[in-house]
Amino acid sequence: MNLNPYFRIAGITILSLLLSAQTFSQIAGNTKLTPVNQARIDALIKSMTFEEKIGQLSLFTSDWDVTGSALKSNFKNLIREGLVGSVFKAYTVDSVRDLQHIAVEESRLKIPMLFGYDVIHGYRTIFPVPLAQSCSWDMTAIEQADRIAAIEATAEGINWTFAPMVDIARDPRWGRVDEGSGEDTWLGCRIATARVKGFQGDDLAADNTLMACVKHFAAYGAVQSGRDYNTVDMSQLSLCEWYLPPYKACVDAGVGSVMTSFNEIAGVPSTGNKWLLTDLLRRDWHFNGFVVTDYTAINEMVNHGIAANIKDAAQLALNAGVDMDMQGSTYIDSADSLLKENKITMARVDEAVRVILEAKMKLGLFDDPYRYCKKDRQEKEIMTREALAAARKMVAESCVLLKNSNQTLPIPATVKTIAVIGPLGDSKMDMLGNWSAAGNWEKCVTLVEGLRNRAGSNAEILYEKGCNVNDDDRTGFEAARKLAAKADFVILALGENGWMSGEASSRAHIDLPGVQGDLAESIAATGKPVTVVLFNGRPLAINRLHLMASAILETWFGGTQAGNGIADLLFGDVTPSGKLTMTFPRTEGQIPIFYNAKNTGRPYNRSDPDAKYVSRYLDCPNDPLYPFGFGLSYTTFAYSDLHAVVSGNRIDITVKVTNTGSRDGEEIAQLYIQDKVGSITRPVKELKGFQKVLIGKGESRVLSFSVTADELAFYHPDLKKYWEPGEFVVYAGGNSAETISQSVWLK
Ligand code: BGC
């Protein structure tokens, strides 16, 4: 064991270290340390100067890739002076070892550093973006994707990831919807839990598990107008009911850290929000890890207009419960004078230092600061065959078949020439999606490559770009049309550039950018059936495309194995099973749009679409283009024989699902419940269960679900959560809009 020299200075015996080391096994991010380890931390805090304490509260980027202005570039000196407790965006064994060496050999107290990174959907093997993964509804595969990400990242020095992002989002204009799991709270909680488990494993001290950081606390997904960094304002009830549960699920799953969000909620930025960070998170949710800001979020409280200057902002943040300042340098610059002026207390500083040191101990860094810097792991555990296979499988599971008239897909075996047309057909760089960590775009498989890999000599794959993603150049249309005319099968590869979703990538118009819509129209005008393969990080408003295409496959940004996974589906080696976790609007004017809306006093009635004094648009139906939960297969499924029976405080449900098509296929069968009458109004439907099942052609499966009354509880105006007796409508179906139903009464 490589013992940190600090403990020799502090006079702690080797024996006590060995004893405590045994207690590290099976440690979770949110558990309290044992008394022995607490004592070790106490001793360390006692020996720290004030500056060294503030150093632990400060996180700086290595400057390798930066999402905002980097305030400090001389960070190696700061590490030496004990003023940097943690670093982010530094990776590879040699680089991390180099920086860690300064911390544990050249600084006075030799405290190891955390190395953070945005490992969001893979580290070197890049998986589909999180929104895509959520469309798999496959918790095991999602957990496995993050397990692989953790294995790869820890093999290159990283021990802390800024994920999962669990912000519920109902507005596709917001570019960051691609980092989350869509619009549904119930599903979001399950995915959040799977992701924390994937990153942290069962034992945080293992050398291949990472500390997770749930973000962005809280409600960042509800920024007004879908504009990034914008204001959030909502009722306390909505906050508790729809937005907070996924963060809570992460805390319950043992997440080790929490990141504050940039936004304000009801007038108070999260980063200075004591109710959020202390009363709710620590007191009510029993969170024992540490809280880090988002990038310079303390400084930004001056712009928010809640602090007159950086010093006031630092005071507000520390007293609200922020333990670590990401990149802002505010604690370094102001904590000393704040302490002298009695505006912050040493007790609060110590508390913040403690939770950060505890995190380092939970990760085993005090025993071996280089435990995540093993060269042999770096060589053996990155982009393994298993990792690539899991990524490929995830691509196929994440894609959603949105349209397939006349069984256009899968590509018939008789096809000899396939034309791929469009700016996303062969663009490796756009496959990764945003936040691609250490992913190498050159290793990505494009659609054209994936099709060629699969077709071999059986079919020729020809490519024309046609146009760029986002300008008005139509000069490539003619060549594209010619190619379409000579091919047996035409695929249009359209969508967004990889950078058009993600942070600071809000869009007011979410249709196809540039002249891609016109390109599609011009190809469709040749009379050839057109299959559209979409690449994008958010739901798009593609009404026009829907009308002209024969088939549409939503593939998101699939990462390293994008092209191979998509080819698996297009050729029918794998049958599509993904289902949308975010509603696709017909037009931006419908936004925000989500399935679990309220009925209103004048509900729109589909069977009387022209009724005047009802809640509707004059120029557009209320219904979305594709509803939540929607996704086609190469086979078809029918739902029948729904039986819901109340037994005590539980509803037991069975439903028969029949594969009515001609291929075996997986179906994601969904269960929704509506609380018909409540003391406050309830949504028209809420997801309460699902099962992903493989059903052979012509076969049926009877699926069973149980929903307890407690699972029907909701927040009341006094913020207490309980259920109310009465009528409940149970819905089962293959998406949120097409269901069969039955009423039951719970007393
Ligand atoms: C983003 C965070 C991210 C951080 C560090 C910020 O701009 O909002 O999600 O973790 O940068 O890269």
Side-chain angles (χ1 to χ4, degrees), residues 58-72 75 84-91 114-123 129-131 146 149 153 158-169 174-181 192 195-196 199 210-223 226-230 232 246-247 250 255-264 269-271 289-301 303-304 322-330 432-439 499 501-506 537:
S58 305
L59 165 68
F60 289 103
T61 174
S62 70
D63 275 354
W64 288 13
D65 32 46
V66 177
T67 54
S69 60
L71 293 185
K72 298 272 177 192
F75 75 106
V84 180
S86 305
V87 168
F88 68 114
K89 298 188 178 175
Y91 53 94
L114 295 174
F115 285 87
Y117 202 17
D118 291 282
V119 181
I120 309 289
H121 52 110
Y123 174 73
V129 292
L131 181 63
D146 286 337
I158 303 299
N159 46 42
W160 179 30
T161 176
F162 303 138
M165 184 279 221
V166 302
D167 305 326
I168 295 299
W174 189 49
R176 303 197 76 167
V177 301
D178 71 333
E179 296 176 48
S181 299
R195 301 203 55 196
V196 171
F199 287 128
L210 281 174
M211 179 167 281
C213 181
V214 57
K215 70 188 188 186
H216 305 83
F217 194 52
Y220 184 28
V223 284
R227 209 179 67 223
D228 207 4
Y229 315 123
N230 203 4
V232 170
Y247 309 101
C250 290
V255 76
S257 58
V258 172
M259 185 187 293
T260 66
S261 55
F262 287 125
N263 57 283
E264 67 166 68
S270 302
T271 307
F290 70 91
V291 174
V292 63
T293 68
D294 202 343
Y295 203 101
T296 63
I298 299 181
N299 314 56
E300 291 167 25
M301 287 201 286
N303 284 343
H304 275 287
V322 169
D323 302 308
M324 189 188 280
D325 175 359
M326 184 195 287
Q327 192 63 18
S329 188
T330 64
L432 288 177
N434 90 108
W435 292 125
S436 47
W499 53 265
S501 48
E503 186 174 351
S505 301
S506 295

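We count ligands from 1, going down the list as the structure has it; atoms in each ligand are counted the same way.
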Min over M165, Q327, E503 of heavy-atom distance to atom 7 (O) of ligand 1 lands on E503

Practice problem: Consider every N or O of W435 and every N or O of ligand 1, then say whether any pair is closer than 3.5 Å. | Solution: no

message = Quick one, N299 with T330, criterion side-chain contact (heavy atoms from CB on, under 4.5 Å). Give me CA distance, side-chain angles, the key distance, then yes/no.
response = CA-CA 7 Å; N299 314 56; T330 64; 3.3 Å; yes

One finds that the ligand 1 atoms under 4.0 Å from a non-hydrogen atom of K215 are 2 (C), 3 (C), 9 (O), 10 (O)

Check: Measuring from the heavy atoms of E179, does anything fall under 4.0 Å of ligand 1?
Finding: no

If we number the atoms of ligand 1 from 1 as shown, the ones under 4.0 Å from a heavy atom of F262 are 7 (O), 8 (O)

**Request:** Show your reasoning for whether side chain to side chain donor-acceptor pair (under 3.5 Å) applies to W499 and N434.
**Result:** CA-CA 6 Å; W499 53 265; N434 90 108; over 6 Å; no

Nitrogen or oxygen of Y220 less than 3.5 angstrom from that of ligand 1:
no

Quiz item: So is there a nitrogen or oxygen of Y295 less than 3.5 Å from a nitrogen or oxygen in ligand 1?
Solution: no

On a heavy-atom basis, the closest approach of G226 and S506 is O-OG, 2.7 Å

Per-atom filter on ligand 1: closer than 4.0 angstrom to a heavy atom of F88 are 5 (C), 12 (O)

Within the 4.0 Å heavy-atom cut-off, what R176 brings close to ligand 1 is side chain

ask   = Can S270 and N263 be said to form a side-chain contact (heavy atoms from CB on, under 4.5 Å), step by step?
value = CA-CA 6 Å; S270 302; N263 57 283; 4.1 Å; yes

Ligand 1 to H216, heavy atom cutoff 4.0 Å, flagged ligand atoms 2 (C), 8 (O), 9 (O)

When F199, Y117, F88 are each screened for ring-ring contact (aromatic ring centres under 6.0 Å, His included) with F162, the one that passes is F88

Walk me through whether K89 and D118 qualify under side-chain contact (heavy atoms from CB on, under 4.5 Å).
CA-CA 8 Å; K89 298 188 178 175; D118 291 282; 3.7 Å; yes

Nearest heavy-atom contact between A504 and D228 is N-OD2, 2.7 Å

Next item on the list: Classify the ring geometry between F262 and H216 as parallel (under 30°), tilted (30 to 60°) or perpendicular (over 60°).
Entry: parallel

So the atoms of ligand 1 within less than 4.0 Å of a heavy atom of K89 turn out to be 12 (O)

